[in-house]
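Structure first, commentary second.
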Amino acid sequence: MIRLILPLLLVAVGCSTSNVFTDRDPNVEFNDYKTFAFLEPNPLLATPQSTSPLLEGRLVDATRAGLTAKGLTEAEDANSADLIVSFTLGARDRVEATEYPSYYGADYYGWGGPYYGRVEVRSYTEGTLAIDMFDRQREAPVWHGRTTKYITRKMREKPGEAVTEAVDEVLKKFP
């Protein structure tokens with residue numbers, strides 16, 4: 001029975017839609033921040049090859065909406081903002097092999113029978129979005145949020161929705 005449950009549990013954990021990780025400067029009082037701006041001239045610092053040039057605008061729009069919903073105001077320029085926001089994107093191709101439960105039974109003479117196992121190999125792309133925030137006056141990082149997701153066909157077909165969802169998941173953890 002355990003041989004059946006363990007692989008299913010591992011598959012269920014491995015198929016979770018995303019992982020969100022955050023880190024923050026413990027010495028910073030985030031309630032003191034009132035305004036934000038995006039790193040100029042381009043807040044998107046690194047991207048994988050063949051990334052759409054429209055992605056940066058989608059990231060900016062989704063982040064603007066998320067930070068505004070948290071009560072922050074976008075500054076007119078980066079020199080007057082409390083926080084400076086930047087993004088980093090990454091992608092890597094992954095291969096996952098899953099072995100399904102097998103059967104080992106007795107043969108005609110009572111000895112071990114044939115091994116019936118099946119291995120499924122799946123390749124996919126894993127994408128990572130990182131959002132970083134810097135205290136403009138101190139010129140120091142104060143918050144980092146990152147999510148990693150399997151890139152699905154739906155995400156490729158509707159990148160705007162995928163970006164908004166990823167940004168929202170990361171910003172949920174912003175103090």
Side-chain angles (χ1 to χ4, degrees), residues 9-96 124-175:
L9 180 62
L10 291 174
V11 168
V13 169
C15 290
S16 65
T17 56
S18 71
N19 253 338
V20 177
F21 166 82
T22 61
D23 190 15
R24 63 177 280 179
D25 183 336
N27 301 316
V28 170
E29 180 56 51
F30 282 86
N31 290 329
D32 293 343
Y33 295 122
K34 304 296 181 211
T35 60
F36 70 94
F38 296 96
L39 184 69
E40 295 175 351
N42 301 98
L44 185 55
L45 300 177
T47 61
Q49 289 181 346
S50 73
T51 299
S52 168
L54 299 173
L55 191 59
E56 184 174 60
R58 290 180 178 126
L59 286 167
V60 167
D61 291 344
T63 304
R64 179 182 292 125
L67 291 177
T68 301
K70 288 192 168 277
L72 294 167
T73 304
E74 186 172 8
E76 293 203 18
D77 63 48
N79 293 327
S80 62
D82 299 326
L83 290 171
I84 303 297
V85 182
S86 70
F87 311 100
T88 306
L89 291 175
R92 71 173 126 183
D93 292 327
R94 309 280 298 207
V95 176
E96 181 178 84
Y124 61 94
T125 301
E126 181 181 79
T128 300
L129 164 66
I131 301 174
D132 293 297
M133 299 198 195
F134 301 86
D135 183 304
R136 185 192 53 81
Q137 286 187 324
R138 291 179 32 218
E139 296 182 358
V142 293
W143 189 82
H144 171 80
R146 180 183 73 226
T147 185
T148 302
K149 296 176 150 265
Y150 295 161
I151 305 300
T152 64
R153 177 181 296 148
K154 180 182 175 190
M155 293 168 133
R156 292 177 200 274
E157 291 170 355
K158 298 183 178 185
E161 290 176 18
V163 166
T164 299
E165 181 182 310
V167 168
D168 288 349
E169 286 177 3
V170 173
L171 291 181
K172 277 183 194 173
K173 304 237 178 173
F174 181 72

Donor-acceptor check, side chain of R136 to backbone of N79, threshold 3.5 angstrom: yes or no?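 Yes, R136 side chain to N79 backbone: donor-acceptor pair under 3.5 Å.
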
Side chain of D77, backbone of S80: donor and acceptor closer than 3.5 Å?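 Checking the backbone N and O of S80 against the side chain of D77, a donor-acceptor pair under 3.5 Å is found.
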
For F134 and S86, what are the C-alpha separation, side-chain angles and deciding distance, and is it a side-chain contact (heavy atoms from CB on, under 4.5 Å)? CA-CA 8 Å; F134 301 86; S86 70; 3.6 Å; yes

Are any of the side-chain heavy atoms of [X] and [Y] separated by less than 4.5 Å?
{"X": "V85", "Y": "T63", "result": "yes"}
{"X": "M133", "Y": "F174", "result": "yes"}
{"X": "E165", "Y": "T147", "result": "no"}
{"X": "L55", "Y": "L89", "result": "yes"}
{"X": "F30", "Y": "L72", "result": "no"}
{"X": "E56", "Y": "F87", "result": "no"}
{"X": "K149", "Y": "M155", "result": "yes"}
{"X": "R156", "Y": "I151", "result": "yes"}

Crowding at NZ, K173 (>12 non-hydrogen neighbours, <6.0 Å):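 Check fails, neighbour count at 12 or below.
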
Does CD in Q137 sit with more than 12 non-hydrogen atoms of other residues, nucleotides or ligands closer than 6.0 Å? no

Stepwise, does the side-chain hydrogen bond (donor to acceptor under 3.5 Å, both in side chains) test hold for H144 with D132? CA-CA 5 Å; H144 171 80; D132 293 297; 2.4 Å; yes

Between I131 and V167, does the side-chain contact (heavy atoms from CB on, under 4.5 Å) criterion hold? Intermediate values first, please. CA-CA 8 Å; I131 301 174; V167 168; 4.2 Å; yes

If every non-hydrogen atom of P159 is compared with every non-hydrogen atom of R58, which pair is closest and at what distance?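 Nearest heavy atoms, P159 then R58: CG-NH1, 3.6 Å.
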
Kindly give the heavy-atom pair with the smallest separation between T22 and G145, and that separation in Å. CG2-CA, 4.0 Å

Evaluate F36 against E74 for side-chain contact (heavy atoms from CB on, under 4.5 Å), listing each step before the verdict. CA-CA 5 Å; F36 70 94; E74 186 172 8; 3.6 Å; yes

Run D25 and R138 through salt bridge (Lys or Arg N to Asp or Glu O under 4.0 Å) and show every step you take. CA-CA 12 Å; D25 183 336; R138 291 179 32 218; 3.1 Å; yes

Matching residue for E169 among T164, L129, V20 - test: side-chain contact (heavy atoms from CB on, under 4.5 Å): V20

Start with the C-alpha distance between K34 and T73, add both sets of side-chain angles, then the distance that settles side-chain contact (heavy atoms from CB on, under 4.5 Å), and finish with yes or no. CA-CA 6 Å; K34 304 296 181 211; T73 304; over 6 Å; no

Could you measure the distance from the OG1 atom of T35 to the CG atom of D82? Nearest 0.5 Å is fine. 3.5 Å

Carefully, step by step, assess D61 and R64 under the rule salt bridge (Lys or Arg N to Asp or Glu O under 4.0 Å). CA-CA 5 Å; D61 291 344; R64 179 182 292 125; 3.1 Å; yes

